[in-house]
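Fair warning: this is a prediction, and the values are worked out from it, not measured in the lab. Hydrogens, waters and symmetry mates play no part in the numbers below; they use all other heavy atoms, side chains included. Convention: sequence-line order gives letters A, B, ...; per-chain numbering from 1.
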Amino acid sequence: MSKKVRVRFAPSPTGGLHLGGVRTVLFNYLFAKQNGGDFIVRIEDTDQTRFVDGAEDYIFKTLEWCGMVPDESPLHGGPFAPYRQSERKANYRKFADQLVADGFAYYAFDTTADLEAMRTEYKTPENPSPQYNHSLREKMRNSISLSAQEVTNLLAAGTPHVVRIKMPLNDTVSFNDMIRGEVSFNTAQVDDKVLLKADGMPTYHLAVVVDDYQMQITHAFRGEEWLPSAPVHLLLWKYLGWEAEMPQWAHLPLILKPDGNGKLSKRDGDRLGFPVFAMDWTDSKTNETTVGFKEHGFLPAAFVNLLAMLGWNDGSDQEIFTMQELIAKFSMDRVHKGGAKFDYEKAKWFNHEWIKKTPVAELVDHIKILFAQKNIAISNNDLLAKVIELVKDRCTVLPDFISQSSFFFEMPATVDIAAVKPKWDDKKNMFFTELIRAYELSNQWESHDLEREFKELSAANDLKPGELMLPLRIMLVGGKFGPGVFDIAALIGKEDTCKRIKDFLSLMQHS
RNA sequence: GGCCGGUUCGUCUAUCGGUUAGGACAGCCCCCUUUCACGGGGCAAAGACGGGUUCGAUUCCCGUACCGGCUACCA
């Protein structure tokens, strides 16, 4: 009689979603779907000072792009609504009060200035960050140090106050992490965290416990940075009397910056020149846009794939997985403990593999949009499909299709004359003049026909085809790149092929 | 400083006590290609250190070092 699996992703709407966040979603999602469970998104917006407009919308757009649709969320609704903590505000106070009544928490009236003073006063070289804990709480202004009468008066006077957990003096709290195994803490080492803020909002610590309980979350996955506060959460589950319902925890390893150490941040992407956010994010205050994987030209399947491989593998040599395969094969006990440095080169390799793997028909729409953005109208989808088929192997990100194939749809923007000029002579000039005539008369316009005619003509002129193919490429493409020249000629057609050769010839004459 | 976590090629990783420590990305070389890629083949490259346990440790235990996270009325 195991309960239905319910997992949740609980972002705070403070900006774009980065790699680590999306990977946390992914692992949640994979685990839920594998177990036929529900994937819930809960918005943790308890800090009103950090609220950023548009961030929530961005989160849902990102999830949609990645193909991870929540079963319940503020956007999708669900039986446990509301799914925004700010809208659940009224819900938390009673639990905080209950904890106080039961002696597990207390009211604290210290002002910000009081706290600062305490930190300065007790700061020593051995203890650079003094904590509001068992040794100091008696010295502060709270319902433990103050008399019952004073507390009643302060409360009655509406004095701003917070509720803090009263950490036991010397207890051991331990739990079994799905990734790390047994982890334990001495409660003397953890401070009396604030549970309810002066504005009546819960902090993360209270909210996560209350909401996970009320939303019947069975498995709670989050980043490793939460490990130190786990004992607070564990104790809260116990103090609130919900221990039997507590979810299983898993603390995911961090994604690290590629160079040096530390966790990957948006800044690293800016600095090293690669995306860190899933999609473009524009800061509404500075109007600065941070580029995302989507806009950088990654396929969602590739993005999901590369994220999954950062800290997980199925034990085989397989690296390319579809979402369906991931759902089938994912297992929490194969998730790594250690953090992984993000390698953008490998990320591009995943995308390249996915571009090669994705059917042309699915690529057409994406690429058509990219061309439209460059003001290149594509009228012929059939031609576009053939072009994509021809160049996809050499594209690692979507915009590569533009540089690799724009010449199919318009005259080359620039022509690399310098590549041809030094070895150019009258014989070659004559050859191409004849080639135009031959091609114009040609009634076969297939790649192999064009190549045959080209070679016959070069033999007749006593020229080596090798010396002529690069010039032809430059004429048609503009540079030293692209698929086979005759494949190109075949696709751009007789008229354009001849015109480009003619144009080049006259360009040579005038330069 | 304290607490917690982590540690296999440059990077992502395989190895559930016995392997020439495997794969992938990146790098280098060769082949294919009358461009560039793709593809194929090859080279180079790793168990942080010190103790145990064991017939035998990358693997289990302890210590050290190093790295990271946390140490807010932020999440």
S.K.: Taking the six-membered ring where the residue is Trp, are the ring centres of A/F321 and A/F350 under 6.0 Å apart?
M.R.: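 No: the rings miss the under 6.0 Å criterion.
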S.K.: Could you work out the separation of B/rG23 and B/rC61 based on their P atoms and round it to a whole Å?
M.R.: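 The same atom, P, in both gives a distance of 29 Å.
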S.K.: Assuming nearest nucleotide by heavy-atom distance, tell me which of A/L196 and A/L227 is located more 5' along RNA chain B.
M.R.: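 Result: A/L227.
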S.K.: Which nucleotide in the list B/rC73, B/rC4, B/rG1 gets nearest to the side chain of A/R164?
M.R.: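 The listed nucleotide nearest to A/R164's side chain is B/rC73.
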S.K.: Just by distance, no angles: are the side chains of A/N142 and A/S145 close enough, under 3.5 Å, to form a donor-acceptor pair?
M.R.: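 A/N142 vs A/S145: donor-acceptor pair found between side chains.
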S.K.: Across the strands shown, which category fits A/K263 at heavy-atom distances under 4.0 angstrom: base, sugar-phosphate, nothing?
M.R.: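 The answer is sugar-phosphate, as A/K263 gets under 4.0 Å only of primed atoms, P, OP1 or OP2.
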S.K.: Flag the pair A/F277 / A/H296 as yes when their ring centroid distance falls below 6.0 Å, and as no otherwise.
M.R.: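 Centroid distance A/F277-A/H296: not below 6.0 Å, so no.
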S.K.: For A/V208, report the nucleic acid contact type (base, sugar-phosphate, nothing); a contact means any heavy atom under 4.0 Å.
M.R.: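 Touches nothing.
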S.K.: Once you apply the 3.5 Å cut-off to both distances, tell me the Watson-Crick or G-U wobble partner of B/rA65, or none.
M.R.: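 Checking every strand shown, B/rA65 finds its partner in B/rU7, with both distances under 3.5 Å.
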S.K.: Give me the distance, rounded to whole Å, that separates B/rC12 from B/rG1 when you measure between the C1' atoms they each carry.
M.R.: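 Straight-line distance between the two C1' atoms is 34 Å.
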S.K.: Closest approach to the side chain of A/E345, judged atom by atom: which nucleotide of B/rC3, B/rC73, B/rA26 is it?
M.R.: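 When the side chain of A/E345 is considered, B/rA26 is the closest of B/rC3, B/rC73, B/rA26.
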S.K.: Could you tell me the separation between the CG atom of A/D259 and the P atom of B/rG68, rounded to a whole number of Å?
M.R.: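 Rounding to the nearest Å, CG of A/D259 and P of B/rG68 are 12 Å apart.
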S.K.: Just say parallel, tilted or perpendicular for the rings of A/F298 and A/Y344, cut-offs at 30° and 60°.
M.R.: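 Tilted: the ring planes of A/F298 and A/Y344 meet at 30° to 60°.
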S.K.: Searching all strands shown, indicate the nucleotide that pairs with B/rU15 (Watson-Crick or G-U wobble; both distances under 3.5 Å).
M.R.: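 Check on B/rU15: unpaired, no WC or wobble geometry under 3.5 Å.
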S.K.: To the nearest angstrom, how far is A/N127 atom CG from B/rG1 atom P?
M.R.: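 Distance, rounded to whole Å: 12 Å.
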S.K.: Only pairs with both distances under 3.5 Å count, Watson-Crick or wobble alike; so what is the partner of B/rC70 in this structure?
M.R.: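 Base-paired to B/rG2.
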S.K.: Using both distances under 3.5 Å as the test, list the Watson-Crick or G-U wobble partner of B/rU34, or none.
M.R.: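 Its partner: none found.
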S.K.: Could you tell me whether A/N186 contacts a base, only the sugar-phosphate backbone, or nothing, with contacts defined as non-hydrogen atoms closer than 4.0 Å?
M.R.: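 Nothing, no heavy atom under 4.0 Å.
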S.K.: Glycosidic conformation of B/rC66, syn or anti, with 90° from 0 as the boundary?
M.R.: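 Nucleotide B/rC66 adopts anti.
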S.K.: For A/L195 and B/rA72, give me the distance from atom CG to atom P, rounded to whole Å.
M.R.: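 After rounding, the gap between these two atoms is 15 Å.
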S.K.: Please list, in numerical order, the residues of residues 42-60 of chain A that have a heavy atom closer than 4.0 Å to any atom of RNA chain B.
M.R.: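 Hits under 4.0 Å, by residue number: A/E44, A/T46, A/D47, A/R50.
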S.K.: What is the ring orientation for A/W312 with A/F330, classed by angle as parallel under 30°, tilted 30 to 60°, or perpendicular over 60°?
M.R.: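 Plane angle between 30° and 60°, so tilted.
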S.K.: A/Y204 side chain: which of B/rA75, B/rU71, B/rG69 is closest?
M.R.: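 Of all the options, the side chain of A/Y204 is nearest to B/rA75.
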S.K.: Between P on B/rC3 and CD on A/Q189, what's the gap in Å once rounded to a whole number?
M.R.: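 In whole Å, B/rC3 P lies 5 Å from A/Q189 CD.
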S.K.: Give me the distance, rounded to whole Å, that separates B/rG39 from B/rU20 when you measure between the P atoms they each carry.
M.R.: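 32 Å, rounded to whole Å.
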S.K.: Whole angstrom is fine here: how far is it from NZ in A/K193 over to C1' in B/rC70?
M.R.: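 Those two atoms, NZ and C1', are 8 Å apart.
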S.K.: A/Y439 and A/D449: side-chain donor and acceptor closer than 3.5 Å?
M.R.: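 Absent: no donor and acceptor within the cut-off.
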S.K.: Can you check the distance between B/rU54 and B/rU71, where both ends of the measurement are the P atom (answer in whole Å)?
M.R.: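 These two P atoms come out 44 Å apart once rounded.
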S.K.: Can you identify which nucleotide, out of B/rG69, B/rA75, B/rC73, has its nearest atom closest to the A/L254 side chain?
M.R.: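 Nearest nucleotide to the side chain: B/rG69.
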S.K.: Side chains of residues 250-258 of chain A: which donor-acceptor pairs under 3.5 Å do they make with residues two or more places apart or in other chains?
M.R.:
residue, atom, partner, partner atom, Å
A/H251, ND1, A/D177, OD2, 2.7
A/H251, NE2, A/R222, NH1, 3.0
A/K257, NZ, A/D268, OD1, 3.2

S.K.: For A/D47, give me all partners under salt bridge (charged side-chain N to carboxylate O under 4.0 Å, His left out), at least two apart in sequence or on another chain.
M.R.: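 A/D47 satisfies salt bridge (charged side-chain N to carboxylate O under 4.0 Å, His left out) with A/R50 only.
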S.K.: Would you kindly compare A/D317 and A/R119 by the position of their nearest RNA chain B nucleotide and give the one closer to the 5′ end?
M.R.: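 Result: A/D317.
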S.K.: Just checking, is any N or O donor in the side chain of A/N127 or A/T124 under 3.5 Å from an acceptor N or O on the other one?
M.R.: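 Not at all, the side chains of A/N127 and A/T124 share no donor-acceptor pair under 3.5 Å.
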S.K.: Report the distance from atom CZ of A/F274 to atom C1' of B/rA26, rounded to the nearest whole Å.
M.R.: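 Taking CZ of A/F274 and C1' of B/rA26, I get 15 Å after rounding.
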S.K.: How does protein reach along nucleotides 7-13 of chain B, written 5' to 3' as B (base within reach of a heavy atom under 4.0 Å), S (only sugar-phosphate), or - (no contact)?
M.R.: ----SSS
S.K.: Using the P atom on both, measure B/rA21 against B/rA48 and round to a whole Å.
M.R.: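 Taking atom P in both B/rA21 and B/rA48, they lie 15 Å apart.
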S.K.: Nearest whole Å is fine: how far is B/rC70 P from A/R222 CZ?
M.R.: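 In whole Å, B/rC70 P lies 13 Å from A/R222 CZ.
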S.K.: Calculate the interatomic distance between A/N351 atom CG and B/rC25 atom C1'; express it in whole Å.
M.R.: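 Rounding to the nearest Å, CG of A/N351 and C1' of B/rC25 are 14 Å apart.
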S.K.: Heavy atoms only, 4.0 Å cut-off, all strands: where does A/S129 land among base, sugar-phosphate and nothing?
M.R.: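 Base: the residue A/S129, judged by heavy atoms under 4.0 Å, touches a nucleobase.
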S.K.: Below 6.0 angstrom between ring centroids: does that apply to A/F342 and A/F274?
M.R.: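 Centroid distance A/F342-A/F274: below 6.0 Å, so yes.
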S.K.: Establish, from distance only, whether the side-chain atoms of A/S86 and A/D45 form a donor-acceptor pair under 3.5 Å.
M.R.: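 Short answer, yes.
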S.K.: When you compare B/rC55 with B/rC28, how far apart are their C1' atoms, in angstrom units rounded to a whole number?
M.R.: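 Per the computed distance, 43 Å lies between those C1' atoms.
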S.K.: If the C1' atom of B/rG69 is compared with that of B/rG52, how far apart are they to the nearest Å?
M.R.: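 Taking atom C1' in both B/rG69 and B/rG52, they lie 30 Å apart.
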S.K.: Do A/Q404 and A/K392 have side-chain N/O donor and acceptor atoms under 3.5 Å apart?
M.R.: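 No - no donor-acceptor pair under 3.5 Å links their side chains.
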S.K.: Kindly list each side-chain donor-acceptor pair under 3.5 angstrom involving residues 188-202 of chain A, sequence neighbours excluded, with atom names and distances?
M.R.:
residue, atom, partner, partner atom, Å
A/D191, OD1, A/K193, NZ, 3.0
A/D192, OD1, A/R137, NH1, 3.1
A/D192, OD1, A/M167, N, 3.1
A/D192, OD2, A/Y106, OH, 2.6
A/D192, OD2, A/R137, NH1, 2.7
A/K197, NZ, A/T46, O, 3.1
A/D199, OD1, A/M201, N, 2.8

S.K.: Expressed in whole Å, how much space separates the P atoms belonging to B/rC32 and B/rA37?
M.R.: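 About 16 Å, rounded to a whole number of Å.
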S.K.: For residues A/F303 and A/F293, establish whether the separation of their ring centroids is below 6.0 Å.
M.R.: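 Yes, ring centres under 6.0 Å apart.
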S.K.: What string of B, S and - do you get for nucleotides 29-50 of chain B, 5' to 3', when a contact is any protein heavy atom under 4.0 Å?
M.R.: -----BBBBSS-----------
S.K.: Indicate yes or no: does A/R42 engage A/D211 in a salt bridge with an N to O separation below 4.0 Å.
M.R.: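 Yes, A/R42 and A/D211 are salt-bridged.
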S.K.: Please classify the nucleic acid contact of A/S184 as base, sugar-phosphate, or nothing, using heavy-atom distances under 4.0 Å.
M.R.: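 Touches sugar-phosphate only.
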S.K.: Going by purine N1 to pyrimidine N3 plus the second Watson-Crick contact, or the G-U wobble pair, all under 3.5 Å, which nucleotide sits opposite B/rA57?
M.R.: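 Across any shown strand, B/rA57 pairs with none.
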